[in-house]
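Take a look at the structure set out below.
Remember, it's a predicted structure, so these values are computed and weren't measured experimentally. Here, residue 1 is the first one in the sequence, and each next residue gets the next number.
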Amino acid sequence: MAFSANDHLFMTRALQLAEQGLYTTMPNPRVGCVIVKDGKIIGEGAHLKAGEPHAEVLALQQAGAQAKGATAYVTLEPCNHTGRTSACSHALLQAGIAKVIAAMQDPNPLVAGGGLAHLQRYGIDVVSGLMQAQAEALNPGFISRMTKNSPFVRSKIAASLDGKTALKNGTSQWISSESSRLDVQHWRARSCAMLTGAGTVLVDNPSMSVRIAANTPYPSTGEGWGEGANIRQPLKIIIDSALKTPLNAKILAGGNVLIAFAHDAENKSAALLATDAELLCIPNAEGKVCLKTLLSHLASREINEVLVEGGEGLNGALMAQNLIDELLIYYAPKLMGGAAKSMFDMPAFTNMQQAIALEIIELRQIGADIRLRAKPRLS
């Protein structure tokens, strides 16, 4: 089907509405809806928090009786099942909507297309695929969890122009600029969990928290965090094979911490549990934490997006196992020399065919730094 200029205009507005839930909807997807009649918007809605009304319901409430015979533009296929809230497809039917244009189908393979098919059975004109790429970009974690049983893994790295992330002695504060560090808060806030390694905890002692007011603009766009956004703290995860995390580590303050480990040679688990940390023993054959098992576990806990903030060891292990979906690299205009630590600790390649190909998806200047987003091209 060929979509008109107005179709694109109204779906663009629905996508803008969906983005209002960027920091708050987890584990639900970010969804926006616009109700249009006679070429005019008569209702708008955005899903902002799990358990609260979905975008379609809010838009229908605003449209009222005018919704009969109108067209609904929605960024994700209307749900056809009852969960925390009632099914949106039923609400659209009851309101007398004549047509539904969805940006994309539900990524859950068990229900994909079911909501649209239900509407079509009752005589509603349905179509999907309008601005699908933009809609998918809003919900990479939800899509990944539904289709791969794994959260979307985004690795943030601050590096010098020669690709170094820390001096030989481990010093890394600060490679990137203050603007870049502020921009990182945006990526933390939209993530369900943040992942680091025990080495980073021992050397840098990070707090791994979101540190910004709800309506403070972030530097990558100059836009705010969303009106009324209730910034939440993501789950903090430490990969710590031998349970070496100090009991006074900043990351343990306030709880909401999961420590994935492989063995407890020093009998430290009881003391760590007393700090309100949660422990998960998932060893692999090499006596280290099984990263794939961890990601499956996180998916079972409805974790959509994970932001990795680790060193070369953790990044190397994730990359070697094809577990990184996106790289978020802040390049600072500095040179740190050959002896400094690199981005990824992986075995030496012997030919260029072993090199990991990347697709650059965004390049932007943040303060004095360059922010690069790229995704691995898996063969």
Side-chain angles (χ1 to χ4, degrees), residues 15 18-19 22-23 25-27 29-30 104 107 132-159 163 165 175-176 180-197 200 208 210 218-221 234-237 239 291-292 294-296 298-299 302-332 342-346 355-366 369-379:
L15 290 164
E19 197 169 4
L22 195 62
Y23 311 102
T25 63
M26 296 78 84
R30 300 131 182 166
M104 60 178 287
Q132 180 170 328
Q134 292 90 328
E136 290 174 345
L138 273 175
N139 290 296
F142 183 76
I143 295 170
S144 180
R145 181 163 64 85
M146 290 293 106
T147 59
K148 301 191 304 181
N149 190 38
S150 176
F152 185 90
V153 178
R154 179 183 289 112
S155 181
K156 167 258 169 181
I157 302 173
T165 59
I175 295 175
S176 59
S180 291
R181 299 196 298 274
L182 177 60
D183 189 70
V184 169
Q185 301 301 316
H186 151 67
W187 299 98
R188 286 184 176 185
R190 66 173 285 168
S191 302
C192 303
M194 293 186 294
L195 178 65
T196 194
T200 298
M208 299 283 285
V210 179
Y218 49 86
S220 59
T221 65
L235 174 68
K236 295 174 286 188
I237 306 169
I239 304 294
L291 297 174
K292 290 184 179 179
L294 173 63
L295 293 179
S296 295
L298 295 179
E302 297 186 312
I303 297 292
N304 288 341
E305 294 183 31
V306 173
L307 182 66
V308 180
E309 296 194 33
E312 60 180 357
L314 179 55
N315 279 314
L318 289 166
M319 185 63 78
Q321 297 179 54
N322 296 326
L323 298 178
I324 293 179
D325 296 295
E326 181 179 304
L327 292 170
L328 178 68
I329 304 175
Y330 294 85
Y331 282 107
S342 63
M343 297 187 198
F344 304 95
D345 182 10
M346 293 190 292
I356 299 171
L358 303 175
E359 177 186 350
I360 296 176
I361 56 179
E362 185 189 42
L363 193 63
R364 184 185 296 240
Q365 184 160 0
I366 305 290
D369 304 334
I370 297 295
R371 189 187 76 188
L372 181 146
R373 292 174 58 209
K375 60 182 181 181
R377 286 181 172 173
L378 302 181
S379 56

Set of residues satisfying side chain to side chain contact (heavy atoms under 4.5 Å, CB included) with respect to [X], sequence neighbours excluded:
{"X": "Pro234", "result": "Met194, Val210, Arg232"}
{"X": "Asn149", "result": "Ser296, Ala299"}
{"X": "Ile370", "result": "Tyr331, Leu363, Gln365"}
{"X": "Met146", "result": "Pro107, Asn108, Phe142"}

I need the minimum non-hydrogen distance between [X] and [Y], along with the two atoms involved.
{"X": "Ile356", "Y": "Pro376", "answer": "CG2-CB, 4.4 Å"}
{"X": "Leu314", "Y": "Gly197", "answer": "CD2-N, 3.8 Å"}
{"X": "Ala18", "Y": "Leu138", "answer": "CB-CD1, 3.6 Å"}
{"X": "Ile303", "Y": "Ala193", "answer": "CG2-CB, 4.1 Å"}
{"X": "Gly316", "Y": "Met346", "answer": "O-CG, 3.6 Å"}

Roughly how far, to the nearest 0.5 Å, is the [atom2] atom of [Y] from the [atom1] atom of [X]?
{"X": "Leu327", "Y": "Met343", "atom1": "CG", "atom2": "CE", "result": "8.5 Å"}
{"X": "Leu291", "Y": "Leu195", "atom1": "CG", "atom2": "CG", "result": "7.5 Å"}
{"X": "Ser180", "Y": "Ile366", "atom1": "OG", "atom2": "CD1", "result": "6.5 Å"}
{"X": "Asp345", "Y": "Thr165", "atom1": "CG", "atom2": "OG1", "result": "10.0 Å"}

Not counting sequence neighbours, which residues clear salt bridge (Lys or Arg N to Asp or Glu O under 4.0 Å) with Glu362? List them please.
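Counting only residues at least two positions away or on another chain, Glu362 forms a salt bridge (Lys or Arg N to Asp or Glu O under 4.0 Å) with Arg364, Arg371, Arg373.
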
Would you say that [X] contacts [Y] through its side chain, given a criterion of any heavy-atom pair below 4.5 Å between the two side chains?
{"X": "Leu298", "Y": "Ile237", "result": "yes"}
{"X": "Arg188", "Y": "Glu309", "result": "yes"}
{"X": "Leu323", "Y": "Leu295", "result": "yes"}
{"X": "Glu312", "Y": "Phe344", "result": "no"}
{"X": "Asp369", "Y": "Asp183", "result": "no"}

Going by side-chain hydrogen bond (donor to acceptor under 3.5 Å, both in side chains), Tyr23 matches just one of Arg30, Arg190, His186. Which one?
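When side-chain hydrogen bond (donor to acceptor under 3.5 Å, both in side chains) is applied between Tyr23 and each of Arg30, Arg190, His186, only His186 qualifies.
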
Not counting sequence neighbours, which residues clear side chain to side chain donor-acceptor pair (under 3.5 Å) with Gln132? List them please.
Glu136

Qualifying residues under side chain to side chain donor-acceptor pair (under 3.5 Å), relative to Thr196, sequence neighbours excluded
none

Answer yes or no: is there a donor N or O on one side and an acceptor on the other, between the side chain of Arg181 and the main chain of Ser176, under 3.5 Å?
yes

With distance as the sole test, does Ser144 use its side chain to make a donor-acceptor pair with the main-chain N or O of Pro140 at under 3.5 Å?
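It does not hold such a pair.
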
Throw together a table of side-chain donor-acceptor distances under 3.5 angstrom for residues 150-159, partners on residues two or more places apart or in other chains.
residue: Arg154; atom: NE; partner: Glu326; partner atom: OE2; Å: 3.0
residue: Arg154; atom: NH1; partner: Glu305; partner atom: OE1; Å: 3.0
residue: Ser155; atom: OG; partner: Asn315; partner atom: OD1; Å: 2.5

Pairs involving residues 139-148, ordered by first then second residue, that meet salt bridge (Lys or Arg N to Asp or Glu O under 4.0 Å) (sequence neighbours left out):
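Output for this query lists Lys148-Asp325.
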
